[in-house]
Amino acid sequence: MQHGPAVRRRKLGAELRTLRSRAGLTSGEAARLVGWHQSKVSRIETGTSGTKPADVRLLLDAYGVADPHLRELMLALAGSDGSGGRDHWWHAYRGVLPPAYRDFISLESQASAMRTLETTVVPGLLQTPAYARAVTRAAVEGITEDQLDTLVEVRLARQEVLRGRPPLELNAVLDEAVLRREVGGPEVMARQLDQLVEAARLPQVRLQVLPFRAGAHIGLTGPFVVFSFSSTSDLDVVVLDHLTSSLYLERKEDLQAYTEAFDALRAHALSTEESLDYIAAIADGA
């Protein structure tokens, strides 16, 4: 387990090393092409030091990488300010959002698919403004109204990934407790349940409910997110959220374990059609 920035440096370095090898270059040859010392290339590839987006562009050009999506992803891992073509809007909130949250948003923005288990609250990408406000107020002690407004604004801006071209593919398994916990009062919760039904009808959203009657399951250990990227599975990452920080898992064994856990949860959950009916029934007071 490591914090996000360290994971991203290592992932960036590993991918750059692979691209250099495909180009048939040694680290020394790559360094000469871009006018560096060989040790700088080595430090970048091992993730022992960060690198600027401008340096990544030099390497990608030297390796003949023309794929715009792959270039954009590499620049995002390097902390690009948006020159890769997609609006990196979260940089405008640099003074408000903690680094771990900005890192999460960056990964979410660049991922092609997201698998998430939620055991306590509705996923942020599916929250209504009123629900997001109630959750944020409860989660952040001593928050001011201005801070609350900003964090809700960020939460809603994140949801644009579901309307992108292409949109993020979202697969979510919700424990029934998410649907039963009354957040913000009856009216807020009723609208939130309606919103879940509406979102579940989108072609890029797959929503399943894990009912109480399913009993004990592997997800009892806590919620998690798995991000996948279309360019390469080597960049896939698991995110575990905690009260004061987020932890990122990148090892293949961890990715396999959480992928298998998510598949098991989906198998125990209601089908997408049954889940829609279940949510509607709860909304009707059943």
Side-chain angles (χ1 to χ4, degrees), residues 4 69 73 103-128 131-132 135 155-156 158-181 192-212 214 217-241 246-250 252-280 282:
H69 184 77
L73 185 55
D103 202 58
F104 181 90
I105 294 173
S106 177
L107 289 174
E108 184 178 71
S109 174
Q110 298 300 322
S112 58
M114 173 180 177
R115 284 164 287 180
T116 181
L117 165 69
E118 288 292 350
T119 58
T120 55
V121 296
V122 170
L125 295 182
L126 302 178
Q127 291 178 7
T128 66
Y131 185 97
V135 166
R155 181 70 51 86
L156 299 180
R158 285 174 49 202
Q159 297 176 2
E160 287 300 313
V161 295
L162 295 177
R163 293 179 283 274
R165 294 184 180 180
L168 175 75
E169 180 183 320
L170 175 63
N171 285 273
V173 173
L174 308 184
D175 190 277
E176 185 173 343
V178 173
L179 310 175
R180 297 287 184 183
R181 178 170 290 104
Q192 179 61 72
L193 293 176
D194 289 342
Q195 168 71 8
L196 284 177
V197 173
E198 293 171 16
R201 293 196 175 103
L202 296 173
Q204 70 273 25
V205 175
R206 182 183 177 91
L207 188 64
Q208 291 180 259
V209 173
L210 196 61
F212 288 147
H217 54 78
I218 196 169
L220 292 176
T221 55
F224 61 86
V225 173
V226 181
F227 284 122
S228 299
F229 299 87
S230 58
S231 295
T232 170
S233 62
D234 289 338
L235 294 176
D236 292 359
V237 63
V238 177
V239 184
L240 305 177
D241 211 18
S246 296
L247 293 174
Y248 294 67
L249 289 73
E250 60 170 335
K252 291 187 181 298
E253 310 92 277
D254 294 324
L255 286 164
Q256 181 177 351
Y258 277 88
T259 297
E260 291 175 354
F262 190 78
D263 290 343
L265 290 166
R266 286 184 56 186
H268 285 88
L270 302 176
S271 69
T272 53
E273 294 79 8
E274 291 171 330
S275 296
L276 282 175
D277 293 339
Y278 206 78
I279 294 171
I282 293 175

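Model, not experiment: these values are computed from the prediction.
Under a cut-off of 6.0 angstrom, the local environment of NE2 in His217 is crowded, with over 12 non-hydrogen atoms contributed by other residues, nucleotides or ligands. Other residues, nucleotides and ligands contribute more than 12 heavy atoms inside 6.0 Å of the CG atom of Leu202. Heavy atoms from other residues, nucleotides or ligands lying under 6.0 Å from CD of Gln204 number more than 12.
In this structure, the side chains of Phe262 and Asn171 come closer than 4.5 Å at one or more pairs of heavy atoms. Taking 4.5 Å as the limit, every side-chain heavy atom of Asp277 sits out of range of all side-chain heavy atoms of Glu273. Within the 4.5 Å cutoff, the side chain of Leu179 has heavy atoms near those of the Val209 side chain. Residues Val161 and Pro167 are not in side-chain contact: their nearest non-hydrogen atoms beyond the backbone lie 4.5 Å or more apart.
Across every non-hydrogen atom of Leu162 and Leu168, the tightest pair is CD2-O, 3.7 Å. Closest of all the heavy-atom pairs between Val226 and Tyr258 is CG2-CB, 4.2 Å. Closest approach of Arg155 to Ala132, counting heavy atoms only: CG-CB, 4.0 Å. Between Gly219 and Leu265, the shortest heavy-atom distance links the atoms N-CD2, 3.7 Å. For Arg181 against Thr120, the heavy-atom pair with the smallest separation is NH1-O, 2.8 Å. Contact record, Leu207 with Leu196: CD2-O, 3.8 Å, taken as the closest heavy-atom pair.
Distance check: Gln159 CD to Leu126 CG gives 7.0 Å after rounding to the nearest 0.5 Å. Atoms CD1 and CG, on Ile279 and Asp194 in that order, are 10.5 Å from each other to the nearest 0.5 Å. One finds the OG1 atom of Thr119 at 6.5 Å from the CG atom of Asp175 (value rounded to the nearest 0.5 Å).
Here the side chain of Glu176 pairs a donor or acceptor atom with the backbone of Phe212 at under 3.5 angstrom. Remark: the backbone N or O of Arg206 is not paired with any side-chain donor or acceptor of Thr272 at under 3.5 angstrom. Without hydrogens or angle criteria, Glu250 side chain to Asp236 main chain gives no donor-acceptor distance under 3.5 Å. For Gln208 (side chain) and Arg266 (main-chain N/O), a donor-acceptor pair under 3.5 Å exists by modelled atom type. Ser109 places no side-chain N or O within 3.5 Å of a backbone atom of Ile105 that could act as its donor or acceptor partner.
Between Phe227 and Tyr248, the gap from one ring centroid to the other reaches at least 6.0 Å.
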- [ ] Please test Val173 against Thr116 for side chain to side chain contact (heavy atoms under 4.5 Å, CB included), starting from the C-alpha separation and ending with a verdict.
- [x] CA-CA 6 Å; Val173 173; Thr116 181; over 6 Å; no
Open item on the list: Applying side chain to side chain contact (heavy atoms under 4.5 Å, CB included) to Leu193 and Ile282, what does each step give before you reach the verdict?
Closed with: CA-CA 8 Å; Leu193 293 176; Ile282 293 175; 4.0 Å; yes
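Using modelled atom types and a 3.5 Å distance limit, the side chains of Tyr131 and Gln195 yield no donor-acceptor pair. Arg115 and Ser228 are linked by a side-chain donor-acceptor pair at a separation below 3.5 angstrom, with hydrogens and angles left out of the test. Ser271 and Glu274 share a donor-acceptor pair across their side chains, judged by distance under 3.5 Å alone.
Looking at Leu125, Val239, Val225 one by one, the single match for side chain to side chain contact (heavy atoms under 4.5 Å, CB included) with Glu108 turns out to be Leu125. Of the residues Lys252, Glu260, Glu253, the one that meets the side chain to side chain donor-acceptor pair (under 3.5 Å) test with Gln256 is Glu260.
Residues passing the salt bridge (charged side-chain N to carboxylate O under 4.0 Å, His left out) test with Glu198, sequence neighbours excluded: Arg191.
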